[in-house]
Number of protein chains: 2
Amino acid sequence: MVGAGGIVEVAALAGVSPATVSRALRGLPGVSASTRAAVRVAAEQLGYVASASASALARGRTSAVGVLAPWISRWFFAAVIEGAQELITSHGYDMLLYPLGANAGPDAGPVDARALHKRVDGVLGLNVPASMPTDSLRDLRVPLVTVGSTVPGLSGVQVDDVRIGLEATRHLLGLGHSRIGFLGLDPDDLYGFTVAADRHRGYVQALEQAGIEPDPRLTEVTGWAVQGGEAGLGHQLELAAAAGRTLPTAFVAVSDEVAMGALYAARCRGIRVPQDLSVIGVDDHDLSYLFDLTTVSQPVRRQGRLAAELLLEQMEGGAAARPRVVQIDPGLVVRSTTGPPRD
Amino acid sequence: MVGAGGIVEVAALAGVSPATVSRALRGLPGVSASTRAAVRVAAEQLGYVASASASALARGRTSAVGVLAPWISRWFFAAVIEGAQELITSHGYDMLLYPLGANAGPDAGPVDARALHKRVDGVLGLNVPASMPTDSLRDLRVPLVTVGSTVPGLSGVQVDDVRIGLEATRHLLGLGHSRIGFLGLDPDDLYGFTVAADRHRGYVQALEQAGIEPDPRLTEVTGWAVQGGEAGLGHQLELAAAAGRTLPTAFVAVSDEVAMGALYAARCRGIRVPQDLSVIGVDDHDLSYLFDLTTVSQPVRRQGRLAAELLLEQMEGGAAARPRVVQIDPGLVVRSTTGPPRD
DNA sequence: CTGTTAGCGCCTTCAA
DNA sequence: TTGAAGGCGCTAACAG
């Protein structure tokens, strides 16, 4: 039916008061079975659904969660959101999408935490810049659960990015590589999150533990896009040529996308993988297997789901729910872009 | 500051009435410059932001738009959403994300149009099933703009999918192919949209126009995922082997993702592209160039932006805004997964 | 230009 | 188990 009517129409049709309609439809106790049934019939007949705004205003809760994400066309973020979605919606929350950083348009400032807390009951923050918390986190009066970055005292799903860098590099070391480059520093940490820097730190640690002095010239700033990986490898080739040395025998890429770009650049130049060059990525992107890409995996959709769980816990558990940080272990998916070095 | 106060606190601090605060902050005319400034100062000092729920209730508009999408981790949808996002948010609308179909969870029914119209001022429908309009579109009392499918009488951004299939097939015909397969029928049109069927129709038309009898055995049901393309090509190989004939010399894939899967399957079996097999996709996916994939492009982000424009037009133009359908022309991006047939 | 007066539609006491 | 009354925070119409 039309669905324009309000609670009073339903009440009239069912022959009860609006208060009873409200109780009946929300499944609150203290309504006789027969009354409840009558109300349901009336509501159904009128196509009645409570107005979210009115309900939110009266209850002081919005039944919505906000998702802060820097991009959504980057697979990682889309997959996390998708992972969170089912749980969020099945608990009756709507999902509001807020762009952050790059994707937010030219002059969009940092997210207005004050506006957010009146709009949503909780926030899922994907790679929220490390700088944001200090600025405006205290203004955010609703639970915030982070993914991909951590804020002390808050719930979050975390992978140890240092360890990711470590594992990736160790895999290459284990194959016998010793000249290993890193593709993926974030351009002046543009969005203020430290994922790239942490993975790089793991890379450095692994080398040092193996008694290898990290060579800063082998690290490229690429950002997160495919093109960055492509350009990064290109630049390394130029550097090597100019210095009269050879390319490193292996690269750790900060993400699968960057790795894909590097593989492309290598292929264009006739560099064989893994004979001449090994490349390992991070994420286990849906498309990575197409490249036979070896990668450090993180269960991305599960991170989204877990984050949703933590958020629901905070929103519904109230103060009783202590903040929890869930650590997710990275895995290693060995395919065939990595192998022993030729020399 | 804290940001918990309401409009009355601001009014008190500024020494005016709540109504004036409302007018001043929203930039309505009829407020003296000095008053407006004073109100702004007070609001800033208190960290005041109007409650969206209260405002929505009072005005009868929610300042939100809903986005209906079957997946978001499929690049096409994420890119459309991203394309729409900036315009939507810069006009002061929040974006609500509603999963549809596959992604909505096991038992999620069709979107409840009645619930939607009280929650949002407009809806962006990405590939809304052809069946949905009939069912519940009349209950949706707010403007709906479609992308990827059209509903008579509504605004929408459209690419001619028949033409896409036609162009893709013609490209292959032009190269001299005559045995051309199609990878990409939707499993029993699972989500009820006709994109795949339309592209297939274009494929059939192109063949017929070239005087070639389409062979139904060369069409595979793959769905939209990479894996579908991979399996589809595999199945074609089996069929060919069983029938003692050779594989078609070329395939049209319904999407770049499906094409990627097919390329992978070919590579695994040592089938050379494009010498032994040509493959053309659709979309011009961000990653397609990595595969040197020839594809029929559609400007995806621009479709999102256009859809946002149409929607804003409908929402803000009111009845004055006639529904418009914007046709987007597909392009052809020739890379190197297509070439002349060997025989 | 500004204040006062009523709601917007629902939910939540409190009383019956 | 149900109804009546009031208020959530803001905005719109009408006065002044």
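Quick caveat: nothing in here was measured; it's all calculated off a predicted structure. Every chain is numbered from 1 and lettered A, B, ... according to where its sequence line falls, protein lines coming before strand lines.
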Name the closest nucleotide to the [X] side chain, picking from [options].
| X | options | answer |
| --- | --- | --- |
| A/Ala58 | D/dT2, D/dC10, C/dC11 | C/dC11 |
| A/Leu57 | C/dG3, C/dT2, C/dG9 | C/dG9 |
| A/Ser22 | D/dC10, C/dC11, D/dA12 | C/dC11 |
| A/Ser55 | C/dG3, C/dC10, D/dT11 | C/dC10 |
| A/Ala54 | D/dT11, C/dC10, D/dC10 | C/dC10 |

What is the distance, rounded to the nearest whole Å, between atom [atom1] of [X] and atom [atom2] of [N]?
| X | N | atom1 | atom2 | result |
| --- | --- | --- | --- | --- |
| B/Leu25 | D/dT11 | CG | P | 9 Å |
| A/Arg119 | D/dC8 | CZ | P | 21 Å |
| B/Arg59 | C/dA6 | CZ | P | 24 Å |
| A/Tyr48 | C/dC11 | OH | P | 6 Å |
| B/Arg23 | D/dA12 | CZ | P | 10 Å |
| B/Ile7 | C/dG7 | CD1 | P | 19 Å |
| A/Glu9 | C/dG9 | CD | C1' | 10 Å |

>> With a sphere of 6.0 Å drawn around CZ of A/Arg324, does it hold more than 12 non-hydrogen atoms of other residues, nucleotides or ligands?
In response: no
Taking only N and O in the side chain of [X], is any of them less than 4.0 Å away from OP1 or OP2 of [N]?
| X | N | value |
| --- | --- | --- |
| B/Thr20 | C/dT2 | no |
| B/Ser32 | C/dT2 | yes |
| A/Arg26 | C/dT12 | yes |
| A/Thr35 | D/dT2 | yes |
| A/Ser51 | C/dG9 | no |

> With a 4.0 Å cut-off on heavy atoms, is B/Ala50 in touch with a base, just the backbone sugar-phosphate, or nothing at all?
Replying inline: sugar-phosphate
> Which part of the nucleic acid, if any, lies within reach of A/Gly60 when heavy atoms closer than 4.0 Å are counted: base, sugar-phosphate only, or nothing?
Replying inline: nothing
> Between CD1 of A/Ile72 and CG of A/Leu97, what distance do you get to the nearest 0.5 Å?
Replying inline: 5.0 Å
> B/Leu116 versus B/Leu68: any side-chain heavy-atom pair under 4.5 Å?
Replying inline: yes
